[in-house]
Amino acid sequence: MSAVDGLKDVRSRVDSAAREAGRQSQDVELIAVSKTFDADAIRPVLDAGQRVFGENRVQEAQGKWPGLKADYADVELHLIGPLQSNKTKEAVALFDVIQTVDREKIARAIAKEIEKQGKPMRLYVEVNTGMEPQKAGIAPDDCAAFIKLCRDELGLTVEGLMCIPPFDENPGPHFALLRKLAGENDVEKLSMGMSGDFETAIGFGATSVRVGTAIFGGR
Ligand SMILES: *Cc1c(COP(=O)(O)O)cnc(C)c1O
C-alpha cells in the first residue's frame, strides 16, 4: 500500500472509531509519524492534504523539515521522541509542539529557549503510565507537582499529556489513567494511540493519535 493509500485508510479508521465512540472526527487529530522516511516519501502525503507530522529525533527532522516547511507553509511539526537538553535550541526553533517534556531539567531549558527565541511553544508532558524503568516520562504520582512547576514557576503552557503504554500490555488502562490525570490537572489534550491501538485510544478520549507504520509502512 502506498503512503497516500495508508493515509486514506487511517483517516477513515479514525472517523469510524470517533463515530463509534460518539465523538466528532474533527476532535481527533491525526499526527502522521514520518520518522526514518525522507522528504521524497513525505511529499505525497503532504500533497494528499496531511499537515500534522511527528518526528522523534531533532537531528533527523532538521535534515528534511526546513525544506518541506518552506514548500508547505502550514505544516505543524510535533517532537514525539526524547529531547536532550543540548538540542533544546534546535527543537524550539524547528518544532511547533514538543510532546516529550519529561523532567525538570528539560522543562527549564525549554522555558529559557522560548524566552530567548520569543517563540510560543505548545507543550505536552509525557507520562510513564506503566512506570517502566527504561522509559521516559513523569511517574503518574509526580504528574501534578510537575505540571504545577511547569505552569507556576516556569510560565509554560501545558496543553496536553502524552503516553506510550508498555508494549506487551493491554493499552486501555494506560489510556484511562492518562485521561484521569488530565482531568485532575486541568489539561485539555491527550496524545495517545499508535498504529496498533489508535482506535482503542480514540475510545478512551485521545485528541491526537500518532500513526507511523499504518501510513508509511514498516520501518
Ligand atoms: C514511532 C512512534 C509512533 C508511531 O508508531 P507506529 O507504531 O509506527 O504507528 C508513535 N509515537 C511515538 C512516540 C513514536 O516514537
Side-chain angles (χ1 to χ4, degrees), residues 1-17 28-38 41-42 44-45 48 50-65 76-84 87 91 94-103 106 110 122-132 134-138 159-172 174-175 177-179 181-182 189-219:
M1 193 164 28
S2 73
V4 170
D5 289 339
L7 177 70
K8 281 188 192 141
D9 180 58
V10 169
R11 276 198 188 142
S12 85
R13 287 168 62 192
V14 166
D15 287 351
S16 310
V28 183
E29 177 178 71
L30 172 61
I31 302 173
V33 177
S34 48
K35 65 186 185 198
T36 78
F37 291 93
D38 64 14
I42 298 169
V45 175
Q50 177 68 24
R51 286 295 179 273
V52 185
F53 289 83
E55 288 281 347
N56 73 337
R57 297 175 69 115
V58 176
Q59 205 159 338
E60 184 192 331
Q62 276 181 307
K64 52 189 167 179
W65 283 102
E76 184 181 297
L77 201 55
H78 292 236
L79 178 63
I80 61 170
L83 177 58
Q84 305 302 322
K87 288 276 190 301
L94 179 62
F95 288 90
D96 302 288
V97 185
I98 297 176
Q99 293 207 359
T100 48
V101 183
D102 63 352
R103 58 198 191 277
I106 210 71
I110 290 169
R122 295 164 49 199
L123 301 173
Y124 284 59
V125 167
E126 182 174 355
V127 183
N128 188 355
T129 57
M131 300 277 284
E132 294 172 281
Q134 83 287 4
K135 202 169 263 176
I138 298 288
E159 178 179 302
L161 300 183
M162 180 270 225
C163 75
I164 309 167
F167 182 69
D168 53 358
E169 282 181 33
N170 172 9
H174 297 275
F175 297 152
L177 174 58
L178 200 70
R179 181 173 63 185
L181 291 168
K189 301 278 181 72
L190 289 170
S191 171
M192 53 193 201
M194 307 175 24
S195 290
D197 56 17
F198 68 86
E199 285 140 318
T200 305
I202 290 168
F204 280 94
T207 58
S208 41
V209 292
R210 310 177 307 268
V211 180
T213 308
I215 296 172
F216 289 97
R219 291 181 292 269

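Quick note: residue numbers are just sequence positions, from 1. Just follow the structure's listing: the first ligand is 1, and inside any ligand the first atom is 1. Atom set for the values below is all heavy atoms of this structure, side chains included, hydrogens, waters and symmetry mates excluded.
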### Task
Indicate yes or no: does Lys35 engage Glu60 in a salt bridge with an N to O separation below 4.0 Å.
no

### Task
Between Gln99 and ligand 1, find which residue part has any heavy-atom pair under 4.0 Å and reply side chain, backbone, both or neither.
neither

### Side-chain donor-acceptor pair present, Gln99, Ser191, cut-off under 3.5 Å
yes

### Summary
Of all protein heavy atoms, the one nearest atom 11 (N) of ligand 1 is Arg210 NE, 2.8 Å

### Query
Quick one: nearest non-hydrogen protein atom to atom 5 (O) of ligand 1, plus distance?
Met194 CE, 3.5 Å

### Message
Looking only at the side chains, is there a donor atom on one of Glu55 and Ser34 sitting less than 3.5 Å from an acceptor on the other?
### Response
yes

### Message
Among all the protein's non-hydrogen atoms, which is closest to atom 9 (O) of ligand 1, and how far away is it?
### Response
Ser195 OG, 2.5 Å

### Message
Working note: Ile98 + Thr100, criterion side-chain contact (heavy atoms from CB on, under 4.5 Å); need CA distance, chi angles, decisive distance, verdict.
### Response
CA-CA 6 Å; Ile98 297 176; Thr100 48; 3.9 Å; yes

### Residue Val211 vicinity, atoms of ligand 1 by number, heavy atom under 4.0 Å
9 (O)

### Message
For the 3.5 Å polar cut-off, considering only N or O atoms, please tell me whether Gly212 and ligand 1 meet it.
### Response
yes

### Message
To check you understand the geometry: which heavy-atom pair defines the closest contact between Arg57 and Leu79, and what is its length?
### Response
N-CD1, 4.3 Å

### Closest protein heavy atom (residue, atom, distance) for atom 8 (O) of ligand 1
Thr213 OG1, 2.5 Å

#### Entry: Residues Glu169 and His174: side-chain donor-acceptor under 3.5 angstrom
yes

### Summary
For Ile164, the ligand 1 atoms with a heavy-atom partner under 4.0 Å come out as 13 (C)

#### Entry: Residue and atom name of the nearest protein heavy atom (relative to atom 1 (C) of ligand 1), distance in Å to one decimal
Lys35 NZ, 1.4 Å

### Query
Of the protein's non-hydrogen atoms, which lies at the shortest distance from atom 13 (C) of ligand 1, and what is that distance?
Ile80 O, 3.3 Å

### Query
So do Leu7 and Leu30 actually touch side chain to side chain, heavy atoms under 4.5 Å?
yes

